[in-house]
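Remember, predicted model here, so these are calculated numbers, not experimental data.
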Amino acid sequence: MAIFLCGFMGCGKTTVGKKMASLLGKKYCDMDELIVQKAGMSIPEIFDKLGEPEFRRMESELIAELGQFSGIVSCGGGAMLSDINGENAKKSGVVVFLDVPFETCYNRIKNDPNRPIAASRTKEQLNDLYDERYPKYKKNSGVCAECVDGPSKTASIIINQLRECGALK
């Protein structure tokens, strides 16, 4: 079963995902890294040369492929904005929303040139995007984890939540 981690850019999906994989003895994969490998270009290059709609199409295709994956999947910040992606992920596993305050996310992404959406927007625009995406993350996830502690504590909290809801044994 795949455990899909979703949330806004900079919420800690990669860091927490790797920690969870280590604690559970499971495989780990990062959707953005897989897309970069498949496309043979960086995410900023994909956005520039192919456009965001093509990147989103590649995300959707990958979510369907990862339905057979047994491990932790860090989704891109926009992967679970689509109801279809959320439904497909939930059919084959569980989707966990890493609920992190905007300011925390912003401080992690504000100077990252590898995030084309963040690099091209002001703080206010990113805050608006966060507010727009937040309800979609909640809707398309099965578990919501408030992430106010470090990655190790967050990973443990999520694992406990997954055990409580029967997604992990």
Side-chain donor or acceptor of S156 paired with backbone N/O of S152 under 3.5 Å: yes

Smallest separation among heavy atoms of C75 and K13, with atom names: O-CE, 2.7 Å

Side chain to side chain, F102 and K123, heavy atoms closer than 4.5 Å: yes

Atom pair CZ/OG1 of F8 and T104 - distance to nearest 0.5 Å: 12.0 Å

Check: Y137 ring centroid to Y130 ring centroid under 6.0 Å: no

Exercise: identify the closest heavy-atom pair between G78 and R133: N-NH1, 3.9 Å

Side-chain (S141) to main-chain (V95) donor-acceptor, under 3.5 angstrom: no

E65 atom CD: more than 12 heavy-atom contacts under 6.0 Å: yes

Short side-chain to backbone donor-acceptor contact, D99 and C144, under 3.5 Å: no

Listed once per pair and sorted, the salt bridge (Lys or Arg N to Asp or Glu O under 4.0 Å) pairs that draw on residues 105-114, sequence neighbours left out: D112-R115

Residues clustered with L23, ILVMFWY side-chain links under 4.5 angstrom: M1, I3, L5, V16, M20, L24, Y28, I72, V94, V96, L98, V143, I158, I159, L162, L168

Whether over 12 other heavy atoms sit under 6.0 Å from E103 CD: yes

Any side-chain heavy-atom pair of E52 and I117 under 4.5 Å: yes

Atom of F4, atom of A2 and distance for their closest heavy-atom approach: CE1-CB, 3.5 Å

Nearest-0.5 Å distance, NZ of residue K136 to CG of residue D83: 8.5 Å

Distance (rounded to the nearest 0.5 Å) between K153 NZ and C147 SG: 12.5 Å

Close side-chain approach of S70 and K27, heavy atoms under 4.5 Å: no

Heavy-atom side-chain proximity of F55 to I35 below 4.5 angstrom: yes

Note, F97 side chain near C11 side chain (heavy atom, < 4.5 Å): no

M80 and I63, any side-chain heavy atoms less than 4.5 Å apart: yes

Atom pair CZ (R56) and CG (L50), whose distance is rounded to the nearest 0.5 Å: 13.5 Å

Chi angles and distances behind the side chain to side chain contact (heavy atoms under 4.5 Å, CB included) call for E33, V36: CA-CA 5 Å; E33 288 178 10; V36 165; 5.6 Å; no

Polar side chain donor-acceptor pair, S74 to D30, under 3.5 angstrom: no

P44 to P116 - nearest heavy-atom pair and separation: CA-CG, 4.1 Å

Worked verdict on E61 versus R57 for salt bridge (Lys or Arg N to Asp or Glu O under 4.0 Å): CA-CA 6 Å; E61 187 177 275; R57 188 201 63 75; 2.9 Å; yes

Nearest heavy-atom neighbours spanning P135 and D131: CD-O, 3.3 Å

Closest heavy-atom pair and its distance - K19, A155: CG-CB, 3.7 Å

Heavy-atom side-chain proximity of K49 to M41 below 4.5 angstrom: yes

From C29 atom SG to L34 atom CG, the distance as rounded to the nearest 0.5 Å: 5.0 Å

ILVMFWY cluster, V100 and Y106 together (side-chain gap under 4.5 Å): no

CG on L126 to OG on S120, rounded to 0.5 Å: 7.5 Å

Close side-chain approach of N85 to N140, heavy-atom, < 4.5 Å: no

E54 (side chain) donor-acceptor with G51 (main chain) under 3.5 angstrom: no

